[in-house]
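Notes follow the structure.
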Amino acid sequence: MVNQGLIELVEKLKGAGYLKLKRTEKAILAVDRGYFVPEYAKTFAYYDQPIPIEENQAISAPSVVSFMLDALDVRPEMNVLEIGTGSGYNAALLSFLVGRKGLVTSIEFYEKLHEFAKKNIGKVKNGEPKLEFKNLNLVLGDGSLGYEISAPYDAIISTAAISGINEMHPFVQQLKEDGKLIAPVGTSSFQDLILYSKKTNLFRKILPVMFVPMRGVGGIK
Ligand code: SAH
């Protein structure tokens, strides 16, 4: 049975104009956000709020997560890269969206968070409904230059902010010819969410956002 809090969250998001794609709505209902928030923040799991996690990081608000997934148009069988696993919530949603024949690689810089995400994914596996996550590869490392090993990707989603983007950026280089990228681009405090399509070679600003800065060699100094 789907949690009542989740149902209400989905209704609120739809009322506010989010969750335009039925697929994204299904994913949000299937992957219970309650499994990914730290114990002390349990009561906030179904609020449209970001939630702080260790290492000064945060799980994004459900509206932002669903907006990004809708914009990327993640479909079954896709090969997707996420930079910034954090709690593992978005990785789990991506895994649901690409299905058995797809692949999701999610890379995290901090070991504590990589372990936190693994633990949370484990909880969902044993939860209700049963989800498998056989298509999900959680990697510990610096994803600021992407992750060449599983490239090329149909879609890349960065949940940490970068300072700039152009055709030479490793994220763009690691996309398939018709691949798409979504990333917050700006300063360490304020960014624009940029949606890039390799086919049209257009970078579009779609939403002002506040994400944590990317660490690592290609991060924000
Ligand atoms: N998608 C996450 C939220 C991510 S917050 C979720 O659903 O919970 C941004 C994440 O990016 C943080 O976990 C942070 O540690 C990670 N991060 C920052 N710099 C990184 C880098 N260079 N490589 C990989 N992950 C990075």
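Remember, it's 1-based here, ligands and their atoms both numbered in the order they're listed. What's counted below: heavy atoms across the whole structure, side chains too, no hydrogens, waters or symmetry copies.
- In terms of protein heavy-atom proximity, atom 12 (C) of ligand 1 is nearest to Gln57 OE1, 3.3 Å.
- The side chain to side chain contact (heavy atoms under 4.5 Å, CB included) with Pro184 is formed by just one residue from the set Leu207, Val212, Val209; it is Val209.
- With contacts defined as side-chain heavy-atom distances shorter than 4.5 Å, the pair Phe190/Met210 qualifies.
- Annotation: atom 5 (S) of ligand 1 to nearest protein heavy atom, Ala58 O, 3.1 Å.
- Here the side chain of Asp70 pairs a donor or acceptor atom with the backbone of Lys20 at under 3.5 angstrom.
- Of the heavy atoms in Val212, only side-chain atoms (C-beta onward) come closer than 4.0 Å to ligand 1.
- Scanning all protein heavy atoms for the shortest distance to atom 11 (O) of ligand 1 gives Gly84 CA, 3.1 Å.
- Regarding atom 2 (C) of ligand 1, its nearest protein heavy-atom neighbour is Thr85 O, 3.3 Å.
- Between the side chain of Glu108 and the main chain of His114, no donor-acceptor pair closer than 3.5 Å is present.
- Atoms of ligand 1 found under 4.0 Å from any heavy atom of Ser144, numbered from 1 in the order shown, are 22 (N).
- Residue Ala160 has no nitrogen or oxygen atom sitting less than 3.5 Å from a nitrogen or oxygen atom of ligand 1, judged on distance alone.
- Tyr18 and Asp48 are not linked by any side-chain donor-acceptor pair at a separation below 3.5 angstrom, with hydrogens and angles left out of the test.
- Below 4.0 Å from some heavy atom of Thr159 lie the following atoms of ligand 1, by number and element: 1 (N), 4 (C), 5 (S), 9 (C).
- Taking every heavy atom of both residues into account, Tyr46 and Asn3 meet most closely at OH-ND2, 3.0 Å.
- For atom 26 (C) of ligand 1, the candidate residues are Phe109, Phe211, Phe116; the nearest heavy-atom contact is made by Phe109.
- A salt bridge does not link Lys199 with Asp178: every distance from a Lys NZ or Arg NE/NH1/NH2 to an Asp or Glu carboxylate oxygen is 4.0 Å or more.
- Of all protein heavy atoms, the one closest to atom 16 (C) of ligand 1 is Glu108 OE1, 3.4 Å.
- In this structure, Asn90 CG and Ile157 CD1 are separated by 4.5 Å, a value rounded to the nearest 0.5 Å.
- In this structure, the side chain of Thr159 engages the main chain of Gly84 through a donor-acceptor pair within 3.5 Å.
- Remark: ligand 1 atoms within the under-4.0 Å shell around heavy atoms of Asn90 are 1 (N), 7 (O).
- For atom 8 (O) of ligand 1, the closest heavy atom belonging to the protein is Ser87 OG, 2.6 Å.
- Ligand 1 places these atoms under 4.0 Å from at least one heavy atom of Leu113: 13 (O), 15 (O).
- Heavy-atom contacts of Gly141 reach the following atoms of ligand 1: 23 (N), 24 (C) (cutoff under 4.0 Å).
- Annotation: Tyr110, atom OH; neighbour count of heavy atoms from other residues, nucleotides and ligands within 6.0 Å is above 12.
- Within 6.0 Å of atom NZ in Lys119, 12 or fewer heavy atoms from other residues, nucleotides or ligands are found, so the atom counts as exposed in its surroundings.
- Residue Glu82 touches ligand 1 through its side chain alone, judged by heavy-atom distances below 4.0 Å.
- The shortest N/O to N/O separation between Tyr110 and ligand 1 does not fall below 3.5 Å.
- The shortest contact between atom 19 (N) of ligand 1 and any protein heavy atom is with Arg215 N, 2.9 Å.
- In the vicinity of Gly143, heavy-atom distances shorter than 4.0 Å reach the ligand 1 atoms 21 (C), 22 (N), 23 (N), 24 (C).
- Heavy-atom proximity to Met214, at under 4.0 Å, picks out these atoms of ligand 1: 19 (N), 20 (C), 21 (C), 22 (N).
- Checking Ser87 against Asn120 by side-chain atom types alone, no donor-acceptor pair falls below 3.5 Å.
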